[in-house]
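One structure is given below, encoded as structure tokens.
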Amino acid sequence: QVQLVESGGGLVQPGGSLRLSCAASGSINVIAMGWYRQALGRQRELVASIISGGLTNYADSVKGRFTISRDNAKNTVSLQMNSLKPEDTAVYYCNAREWVRGSSRDYWGQGTQVTVSS
């Protein structure tokens with residue numbers, strides 16, 4: 001069974017940094033991985049994603065502050081978050097997209113809380 005394990009969340013002061021990591025285990029042909037977040041009272045939104053070839057995509061709100069990276073062989077993805085702001089506070093979810101028989105399916109981690117507060 002596919003499982004995504006996340007780590008790295010926590011409490012940090014504004015301007016600080018955190019690094020989130022996620023590993024996909026099980027038999028899975030991952031073509032893309034990414035991070036989503038959902039703040040209280042807000043819609044879930046894409047934070048950053050990366051495909052196997054290395055192409056990345058970032059939400060405008062995190063460009064220049066967050067960096068996503070991936071180890072294709074290990075099916076892991078990390079999110080380096082710098083210059084954190086209170087508005088970054090949210091539950092962050094790891095996502096892995098699998099390509100099988102001409103279609104894709106998504107798997108999700110359990111979520112990890114990131115709180116940016118003084």
Side-chain angles (χ1 to χ4, degrees):
Q1 184 176 1
V2 175
Q3 182 179 8
L4 302 182
V5 180
E6 300 162 316
S7 63
L11 174 65
V12 65
Q13 294 185 344
S17 298
L18 285 173
R19 184 176 180 87
L20 305 182
S21 296
C22 174
S25 62
S27 182
I28 180 172
N29 181 24
V30 177
I31 60 172
M33 299 187 75
W35 291 92
Y36 291 74
R37 68 185 181 187
Q38 186 169 15
L40 287 175
R42 304 292 296 272
Q43 297 285 334
R44 184 181 64 180
E45 64 177 354
L46 174 68
V47 178
S49 63
I50 184 168
I51 63 174
S52 296
L55 182 65
T56 59
N57 183 48
Y58 295 92
D60 289 340
S61 60
V62 307
K63 287 181 179 178
R65 300 188 297 118
F66 292 8
T67 302
I68 189 169
S69 60
R70 180 185 175 188
D71 185 328
N72 292 337
K74 297 180 179 179
N75 287 333
T76 61
V77 63
S78 297
L79 185 68
Q80 179 66 46
M81 304 184 293
N82 298 326
S83 302
L84 283 162
K85 304 175 181 179
E87 50 263 45
D88 294 319
T89 296
V91 177
Y92 284 70
Y93 297 92
C94 178
N95 168 266
R97 177 160 290 183
E98 180 187 25
W99 181 261
V100 179
R101 298 185 181 94
S103 64
S104 64
R105 68 178 74 177
D106 289 321
Y107 299 91
W108 297 91
Q110 78 283 359
T112 184
Q113 178 70 46
V114 172
T115 302
V116 184
S117 176
S118 60

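Bear in mind the structure is a predicted one, so any value in this text is a computation, not a measurement.
For Glu45, the side-chain hydrogen bond (donor to acceptor under 3.5 Å, both in side chains) partners at least two apart in sequence or on another chain are Arg37. Checked against side-chain hydrogen bond (donor to acceptor under 3.5 Å, both in side chains), Ser83 has no partners two or more places apart in sequence or in another chain. Listed by chain and residue number, Trp108 satisfy the ring-ring contact (aromatic ring centres under 6.0 Å, His included) test with Tyr36 (two or more places apart in sequence, or in another chain). Scanning for side-chain hydrogen bond (donor to acceptor under 3.5 Å, both in side chains) contacts around Gln80 gives Arg19, Asn82, with sequence neighbours left out. Partners of Arg44 under the side-chain hydrogen bond (donor to acceptor under 3.5 Å, both in side chains) rule, at least two apart in sequence or in another chain, do not exist in this structure.
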Could you give the side-chain donor-acceptor pairs of residues 111-118 under 3.5 Å, partners two or more places apart or in another chain?
residue : atom : partner : partner atom : Å
Thr112  : OG1  : Gly9    : N            : 3.4
Gln113  : NE2  : Ala90   : O            : 3.4
Gln113  : NE2  : Thr115  : OG1          : 3.2

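Considering all non-hydrogen atoms of both residues, Gly34 and Ile68 come closest at CA-CD1, 4.0 Å. For the residue pair Glu98 and Tyr107, the shortest heavy atom distance occurs at OE1-OH, 2.9 Å. Across all non-hydrogen atoms, the minimal contact from Ala48 to Leu79 is CB-CD1, 4.1 Å.
In this structure, the separation between OG on Ser49 and CG on Leu55 is 7.5 Å, given to the nearest 0.5 Å. In this structure, CG on Leu4 lies 7.5 Å from CG on Asn95, to the nearest 0.5 angstrom.
Contacts classified as salt bridge (charged side-chain N to carboxylate O under 4.0 Å, His left out) and involving residues 106-115 (residues at least two apart or in different chains) are given here: Arg97-Asp106. Pairs passing the disulfide (SG to SG under 2.5 Å) check and including a residue from residues 79-118, sequence neighbours excluded, read Cys22-Cys94. Among pairs with a residue in residues 30-63, none fulfils disulfide (SG to SG under 2.5 Å), at least two apart in sequence or across chains.
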Please determine whether salt bridge (charged side-chain N to carboxylate O under 4.0 Å, His left out) holds for the pair Asp60 and Lys63, giving the CA-CA distance in whole Å, both sets of side-chain angles, and the decisive distance to 0.1 Å.
CA-CA 5 Å; Asp60 289 340; Lys63 287 181 179 178; 3.1 Å; yes
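When only modelled atom types and interatomic distance are considered, Arg70 and Thr56 share no side-chain donor-acceptor pair under 3.5 Å. Tyr93 and Gln38 are not linked by any side-chain donor-acceptor pair at a separation below 3.5 angstrom, with hydrogens and angles left out of the test.
By the 4.5 Å side-chain criterion applied to Ile, Leu, Val, Met, Phe, Trp and Tyr, Trp99 is assigned to a cluster that also includes Ile31.
For Tyr58 (side chain) and Arg65 (main-chain N/O), no donor-acceptor pair under 3.5 Å exists by modelled atom type.
Counting heavy atoms from C-beta outward, Met81 and Val12 have side chains that stay 4.5 Å or more apart. The shortest distance between side-chain heavy atoms of Leu84 and Phe66 falls below 4.5 Å.
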